[in-house]
**Q** 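I'd like to ask some things about the structure below.
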Amino acid sequence: MRLSCEPLAQADIPLACELFADVFGHSTQPEHWHWKYHQGPRVAAFNLIARNPQGKIVGHVGASVFAGHTQGQTLLMAQVSDVMVQANARSAFGQGQGVYPQLMKRLQQDMHARFPQLYTYGFVGVRPYKLGERMGLYRTRQHCRTGQMTQPVKGPSLSDGYCQVRPVNWEQALESNLFDKTSQQACRQLDRPMLERSSAFMRWRYHQHPVHSYQLWIVRQWWRDIGWLVTRHMPSGEHMLIDQWPVPPGPAAQARSQTHLNALLRQIAAQTSQPAVLASWSLDTPQSRQAEPVIGIEIRINQWQDQVLSPIFTPGDTDVY
């Protein structure tokens with residue numbers, strides 16, 4: 001049997017959305033698809049589909065390319081997403097000729113032809129990670145586990161500069177040029193790769209999201225604004241920390257990050273009559289250590305990017321939060 005791989009045509013986006021619902025068990029709409037792959041300050045997008053001999057779409061893989069930075073330099077970064085194969089097509093072809101390996105091979109070829117030095121990443125569960133690792137496609141960059149806190153570790157004090165957070169309107173923050181300023185700081189200060197959180201990116205990713213709503217908070221310390229936080233009130237009732245600046249890149253920054261989380265939880269608790277629960281990838285708890293991780297991975301395109309350190313991943317880098 002012959003399997004064909006080709007770019008997704010505009011007219012076939014509704015069919016790709018049907019495949020998404022079939023594979024993942026929940027729906028997505030063409031409007032969401034357009035937002036994910038065609039809007040925002042992206043450099044490029046890739047959407048590849050696989051058709052069976054009858055011409056039916058049985059697989060898809062997508063990728064979005066955005067500007068990032070590391071060590072003061074621009075680094076193009078691509079997130080691979082919506083890797084999906086129809087259940088009855090997963091064993092319909094011979095070994096090495098299946099839907100998944102053929103789609104990934106074509107994606108590698110197309111991406112390398114346009115961007116030879118592209119840093120490519122994604123987020124997968126343990127089971128698909130093992131498959132990608134066996135194929136030489138994936139390697140681990142970060143184990144992402146969510147910890148929770150319901151009480152601040154301590155109250156505001158002189159030692160943490162009386163750190164506070166306050167909610168702010170998205171339009172107000174975007175008009176103030178806040179994100180371009182902090183993105184320039186990140187470019188100068190961070191050695192590890194991170195997507196560029198410019199005003200254009202933040203407007204697209206959070207303010208213009210077609211499905212989810214996000215709360216923006218300003219971090220204030222020693223009577224001056226020093227950063228921002230983005231949260232989403234999840235269906236479970238917890239408030240998930242989706243994105244932040246400054247980021248907590250390692251153990252040395254955990255104390256600073258904890259100060260910001262304490263202030264954020266106090267502010268959330270002050271605004272609700274329900275018990276406040278704050279969740280974050282930067283919270284390490286006994287419960288989170290037992291949880292199965294989402295694995296932040298590097299995806300090999302032509303070769304591993306060994307000269308690039310492990311990126312700083314936040315839930316905002318995924319396409320699910």
Side-chain angles (χ1 to χ4, degrees), residues 40-43 64-80 115 117-123 139-145 160-161 163 165 173-174 176-206 214 216-222 224-231 241-261 263-264 280-284 294-299 304-319 321:
R42 70 190 62 244
V43 178
S64 296
V65 183
F66 286 93
H69 45 71
T70 184
Q71 300 179 349
Q73 303 295 320
T74 297
L75 175 70
L76 292 182
M77 301 177 67
Q79 181 191 354
V80 172
F115 306 104
Q117 300 301 316
L118 186 65
Y119 188 91
T120 308
Y121 67 95
F123 300 89
R139 67 175 177 179
T140 302
R141 285 305 201 176
Q142 179 178 326
H143 280 185
C144 307
R145 292 182 172 92
D160 61 32
C163 180
V165 300
L174 289 163
S176 72
N177 207 33
L178 166 69
F179 301 113
D180 289 328
K181 293 176 183 176
T182 56
S183 182
Q184 292 167 9
Q185 292 175 9
C187 183
R188 293 193 303 267
Q189 297 174 15
L190 296 179
D191 290 332
R192 295 166 61 188
M194 186 176 184
L195 286 180
E196 183 180 274
R197 262 64 168 179
S198 64
S199 294
F201 178 87
M202 297 293 283
R203 183 185 298 276
W204 165 78
R205 176 62 181 87
Y206 299 115
Y214 300 93
L216 175 64
W217 311 81
I218 296 298
V219 181
R220 189 171 180 82
Q221 197 168 27
W222 292 120
R224 64 186 181 92
D225 295 340
I226 64 165
W228 49 261
L229 306 165
V230 177
T231 60
L241 178 60
I242 302 295
D243 210 341
Q244 64 186 122
W245 174 258
V247 294
Q254 289 305 311
R256 178 187 65 190
S257 177
Q258 185 63 61
T259 297
H260 297 175
L261 294 180
L264 176 59
S280 171
W281 282 0
S282 59
L283 282 170
D284 181 27
V294 172
I295 304 176
I297 58 172
E298 179 187 350
I299 301 171
W304 297 117
Q305 299 290 339
D306 289 324
Q307 76 282 9
V308 179
L309 300 175
S310 295
I312 299 169
F313 289 136
T314 74
D317 291 312
T318 75
D319 60 337
Y321 284 100

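Numbers for residues simply follow the sequence, beginning at 1.
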**Q** Any side-chain heavy-atom pair from Leu178 and Ile218 closer than 4.5 angstrom?
**A** yes
**Q** Can you label the angle between the Tyr206 ring and the Tyr214 ring as parallel, tilted or perpendicular, going by 30° and 60°?
**A** perpendicular
**Q** Where does the angle between the aromatic ring planes of Phe66 and Phe201 fall among parallel (under 30°), tilted (30 to 60°) and perpendicular (over 60°)?
**A** perpendicular
**Q** Do Gln185 and Trp245 have side-chain atoms, one donor and one acceptor, less than 3.5 Å apart?
**A**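 There is such a pair (donor and acceptor under 3.5 Å, judged by atom type) between the side chains of Gln185 and Trp245.
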**Q** Could you go through the side chain to side chain contact (heavy atoms under 4.5 Å, CB included) check for Leu283 and Arg145 one step at a time?
**A** CA-CA 8 Å; Leu283 282 170; Arg145 292 182 172 92; over 6 Å; no
**Q** Looking at side-chain heavy atoms only, is the closest gap between Leu118 and Met77 below 4.5 Å?
**A**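 Not in contact.
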**Q** Please report the shortest heavy-atom distance between Val165 and Ala263, naming the atom on each side.
**A**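 That closest heavy-atom pairing would be CG2-O, 3.5 Å.
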**Q** How long is the gap from CG on Leu195 to CZ on Phe313, to the nearest 0.5 Å?
**A**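 Leu195 CG to Phe313 CZ: 8.5 Å, rounded to 0.5 Å.
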**Q** Could you go through the salt bridge (Lys or Arg N to Asp or Glu O under 4.0 Å) check for Asp317 and Arg205 one step at a time?
**A** CA-CA 9 Å; Asp317 291 312; Arg205 176 62 181 87; over 6 Å; no
**Q** Which heavy atom of Ile299 sits nearest a heavy atom of Ile297, and at what distance?
**A** CG1-CD1, 3.7 Å
**Q** Enter the distance from Asp306:CG to Arg139:CZ here, rounded to the nearest 0.5 Å.
**A**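 It is 4.5 Å, given to the nearest 0.5 Å.
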**Q** For a side chain to side chain contact (heavy atoms under 4.5 Å, CB included) check, start with the C-alpha distance between Thr70 and Leu309, then their side-chain angles and the critical distance, and finish with the verdict.
**A** CA-CA 9 Å; Thr70 184; Leu309 300 175; 5.8 Å; no
**Q** Under 6.0 Å between the ring centres of Phe179 and Trp228?
**A**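 Yes: the rings meet the under 6.0 Å criterion.
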**Q** Checking side chain to side chain contact (heavy atoms under 4.5 Å, CB included) for the pair Val247/Leu190: CA distance, chi angles, key distance, verdict?
**A** CA-CA 9 Å; Val247 294; Leu190 296 179; 4.1 Å; yes
**Q** Using the side-chain contact (heavy atoms from CB on, under 4.5 Å) rule, pick out the option among Glu196, Arg197, Arg188 that qualifies with His69.
**A** Glu196
**Q** Looking at Pro246 and Ile226, what are the two nearest heavy atoms and their distance?
**A**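 Reported closest heavy-atom pair: CD-O, 3.9 Å.
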**Q** Which heavy atom in Trp204 sits nearest to a heavy atom in Pro41, and how many Å separate them?
**A** CB-CD, 4.1 Å
**Q** List the steps, then state whether side chain to side chain contact (heavy atoms under 4.5 Å, CB included) holds for Met202 with Ser183.
**A** CA-CA 10 Å; Met202 297 293 283; Ser183 182; over 6 Å; no
**Q** Can you tell me how far apart OG (Ser198) and CZ (Arg203) are? Round to the nearest 0.5 Å.
**A**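 Here the interatomic distance stands at 10.5 Å.
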**Q** So do Cys163 and Val219 actually touch side chain to side chain, heavy atoms under 4.5 Å?
**A** yes
**Q** For a quick test of reading the model, state the closest non-hydrogen atom pair linking Ser310 to Arg141 and the distance between them.
**A** OG-NH1, 3.2 Å
**Q** Closest heavy-atom contact between Glu298 and Gln305?
**A**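 Nearest heavy atoms, Glu298 then Gln305: OE2-N, 2.8 Å.
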**Q** Using a 6.0 Å cut-off, check whether atom CD of Gln307 has over 12 heavy atoms from anything other than its own residue.
**A**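 Counting other residues, nucleotides and ligands, CD of Gln307 exceeds 12 neighbours.
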